[in-house]
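Structure, as structure tokens:
By convention in this document, chain letters (A, B, ...) are assigned in the order of the sequence lines, proteins followed by strands, and residues within each chain are numbered from 1.
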Amino acid sequence: MIDPILTMFITFILASMLRVATPILLAALGECYVENAGILNLGIEGIMLFSAFTSFLGAVATNSSLIGLGVGLCTGLVLALILAVLYVTLKSDQIVVGIAFSLSAIGFTSLYFRILYGTTLPRLPVKEWIVTVPQLADVPIIGRVFFNQPFMVYVSIALVPIFYYILYRTRFGLKVRTLGENPVVADTAGVNVFLYRYIVMLIGGMLAGVGGAYLSLYQVSLFQDNMIQGRGYVAIAIVMFARWNPLKILAGALLYGGAEAFAGAIQALGYLRTIPAEIVLMLPYLITIVGLVVLARRARFPPAFARPYRREMR
Amino acid sequence: MSKEDYAVQMRGITKTFPGVVANKNVDLDLRKGEIHGLLGENGAGKTTLMNILSGFYKPDEGEIYVEGKRVKMHSPKDALKLGIGMVYQHFTLVPEFKVVENIMLGMDVVGKKLSLKATANLIEEQAKQLGFTVDPWSKVADLSLGEQQKVEILKVLLRGAKVIILDEPTSVLAPVEIAGLFNVLKQLASQGKSIVFITHKLNEVMEICDRITVLRSGMKIGTLNRSEIASTLDIIKMMFGVEAEPALAAEVPKELGKEVLKVENLVVESDRGIDAVKGVSFTIREGEILGLAGIDGNGQKELAEALSRIRSVKSGKIYFKGEDVTALSPADLYLKGVTYITDDRISEGLIQDFTLAENVVLKDFRKNGVKRGLFIDWKKITENGRKLAEEYELAAAKPNSLVQTLSGGTQQKLLVAREIGGDASLIIANQPTHGVDAKTTAYIRKKLIESAAKGAAVLLISNDLDEIFSCSNTIAVIYEGRILGILDRQSATRENVAYLMIGVKKD
């Protein structure tokens with residue numbers, strides 16, 4: 001038989017790979033639509049952080065983690081709407097606005113967390129998010145990895161084929177992709193460029209919000225300053241090296257998740273005496289950078305990427 | 001004819017962009033089943049007028065009637081619903097998408113919510129009916145321009161267009177493809193569709209149009225039936241305003257000095273890698289203004305850019321005062337005294353976010369006087385800007401005004417002033433009065449002539465015969481990248497030049 005410790009190690013890595021990939025996958029799927037429609041939303045990091053914050057408050061106040069999740073989702077929608085006004089209607093520079101928004105989110109959430117709780121740490125309600133499939137969950141390795149996970153993992157993976165189908169097989173997806181290719185074409189075809197860009201921003205905001213809530217409510221199980229730690233930007237990087245394709249985004253998110261899980265496992269198993277902790281923690285980001293350099297080098301960006309649309313240009 | 005017999009009537013359409021009047025009180029009637037030619041030089045307002053009809057622009061004033069009913073359009077969607085479709089000069093297709101995806105987009109606006117497969121069937125059916133074939137599943141990027149145009153036409157037809165506007169549809173086509181296009185258009189007209197055919201190629205108008213409307217400087221000059229047109233010269237007169245010979249803006253120098261510019265067998269490629277200038281030779285001497293007449297897009301831009309060295313030369317030689325400058329950098333050439341007035345002041349000539357004074361010094365910051373070691377003397381620069389603004393009567397412009405706040409005419413004056421204000425010995429002026437008002441036009445022409453009188457050589461590229469005839473002492477005509485004739489101002493006639501501009505040599 002296989003060495004039981006090795007089995008445990010592999011099971012642990014694979015299971016936690018799926019769990020830590022989930023918030024990235026959610027954010028990246030939303031950003032995938034946003035970027036396909038020709039918008040670069042660097043504010044995704046800020047949306048995730050705000051939602052992590054508000055969902056935490058919501059869950060503590062109502063003693064329900066599901067309500068907390070809902071609060072995170074709504075926060076994402078509202079913030080995406082504000083950003084959409086800036087990007088689409090006011091035609092602001094998307095890079096400047098996105099970064100400014102994400103940076104201010106760090107200060108805002110940290111400050112209000114201190115104001116509300118001081119140095120005490122509120123307790124999150126008990127969550128029963130893990131869904132165990134009977135019998136299948138007992139299969140070695142596979143059971144623990146695929147059939148004993150929080151429901152958000154199943155939801156986010158189920159979204160992948162749905163997002164792929166909508167983007168490449170439906171009229172809505174065609175319109176979204178046209179916006180990124182050439183908004184003039186969409187406009188002359190009677191597609192409301194502004195409306196559709198608002199819609200994709202809301203989709204992106206909603207998913208980023210859920211991703212942020214998942215982090216504070218489940219993965220980390222508390223709120224910390226700047227707790228997103230660049231996961232929003234990693235999601236943007238994954239969207240680019242996955243060439244705006246939801247199926248490849250799943251692969252990218254799993255790659256990142258695998259690296260983060262591996263880093264966690266190494267730490268847990270106490271190899272830290274030989275390898276500095278910082279090196280291990282760097283791994284997921286390093287992989288993202290390597291992925292970007294290797295895969296995104298030949299990527300064809302949507303031609304209208306990060307460019308606001310004006311009809312009467314002259 | 002009653003109102004209902006017209007597919008479209010446009011009444012009193014006026015459209016202005018900041019600093020430019022694109023359409024002024026224009027009327028247009030479009031009958032059912034006719035092919036209507038819309039003619040005019042570049043900048044005459046044809047495309048703006050049609051962008052209004054297709055819902056892309058909103059007119060400032062005027063009314064539009066579709067089949068006798070007054071309509072208001074706020075977006076291309078409204079126009080599509082009214083059955084008006086436009087094939088733009090720069091195709092509105094997504095090259096990365098399949099043909100069927102491109103066509104499906106926008107069909108739901110007119111209530112056709114079909115699957116890709118059903119759309120593909122419709123495409124094949126419609127193509128067959130018009131006598132050609134298109135593979136709905138091929139990627140648009142893999143199609144030739146002629147095929148892409150067919151896709152565009154299918155697209156507007158399947159969106160239910162009864163009025164089809166084509167903006168310079170033949171400019172991208174090979175002669176065989178043009179014949180095919182004309183067959184398709186005639187068929188569509190016989191099915192009762194109305195077609196607006198925007199062009200400036202007269203032979204095409206004579207071949208295919210039932211009626212024509214001519215625009216000039218944003219205004220409608222007239223509408224003629226095909227049968228009323230005796231010769232293309234009638235249209236040329238309307239397009240270019242040949243009737244009256246305006247007085248000279250100033251006295252053009254008669255005595256010419258030494259040779260300044262000599263061009264030998266120059267071949268220059270366009271951005272698309274096609275030879276745009278095909279072996280051009282000419283000389284310009286001190287005090288000479290060589291007016292290069294031609295319809296836009298016949299190689300003028302490429303020639304001007306090659307001469308100012310911002311575009312590379314494929315073959316041939318350029319000599320400036322006897323010296324071979326074919327491989328010189330633009331900056332070195334400028335320092336030798338060659339200046340270039342681009343035809344695109346907004347993106348090539350001036351920096352919109354810089355002030356007037358900064359724009360003035362843009363090419364001269366290396367010169368002593370404004371240079372102080374590593375730094376530049378801003379006081380001096382502001383002073384230079386003020387002087388230039390006064391000398392060139394730049395209305396209300398201050399040295400620290402941002403260029404983007406100046407009117408189009410003032411910007412153009414500033415550009416001209418910067419390029420000819422110094423002691424240039426060769427001035428390459430590409431459409432120096434394009435899109436500016438009459439007063440500024442006269443002023444710029446006067447300044448060019450004054451420069452020549454002081455001994456500069458001037459290459460004046462223009463599609464405006466008034467300008468060519470009032471400013472030049474030698475006239476050359478460029479057509480499809482070749483110079484068809486170099487004429488003396490005294491012996492040249494407008495008729496002669498106008499014919500050369502459309503490629504017809506008359507003896």
With a 4.5 angstrom heavy-atom cut-off, is it the side chain or the backbone of [X] that approaches chain A, or both, or neither?
| X | answer |
| --- | --- |
| B:Tyr88 | side chain |
| B:Leu93 | backbone |
| B:Leu105 | both |
| B:Lys113 | both |

#### Entry: Structural part of A:Arg169 lying under 4.5 Å from a heavy atom of chain B
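It is neither, since no heavy atom gets under 4.5 Å.
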### When A:Leu174, A:Val191, A:Asn192 are compared by non-hydrogen pairs under 4.5 Å with chain B, the top option
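Of A:Leu174, A:Val191, A:Asn192, A:Leu174 has the most heavy-atom pairs under 4.5 Å with chain B.
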Is it true that [X] and [Y] have a side-chain N and a carboxylate O under 4.0 angstrom from each other?
| X | Y | value |
| --- | --- | --- |
| B:Lys301 | B:Glu348 | yes |
| A:Arg177 | B:Glu96 | no |
| B:Lys155 | B:Glu152 | yes |

### Query
Does one side chain, of B:Thr14 or B:Asn25, offer a donor that lies under 3.5 Å from an acceptor on the other?
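No, because no side-chain N or O of B:Thr14 sits under 3.5 Å from a partner of the opposite role on B:Asn25.
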### Message
Is the distance from the ring center of A:Tyr168 to that of A:Tyr164 below 6.0 Å?
### Response
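Distance test on ring centres: under 6.0 Å, yes.
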### Message
Under the rule for ring-ring contact (aromatic ring centres under 6.0 Å, His included), what residues qualify as partners of A:Phe305, not counting sequence neighbours?
### Response
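ring-ring contact (aromatic ring centres under 6.0 Å, His included) check on A:Phe305 returns A:Phe301.
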#### Entry: Largest heavy-atom contact set with chain A, pairs under 4.5 Å, which of B:Gly85, B:Ala79, B:Pro76, B:Ser115
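The candidate making the most pairs under 4.5 Å is B:Pro76.
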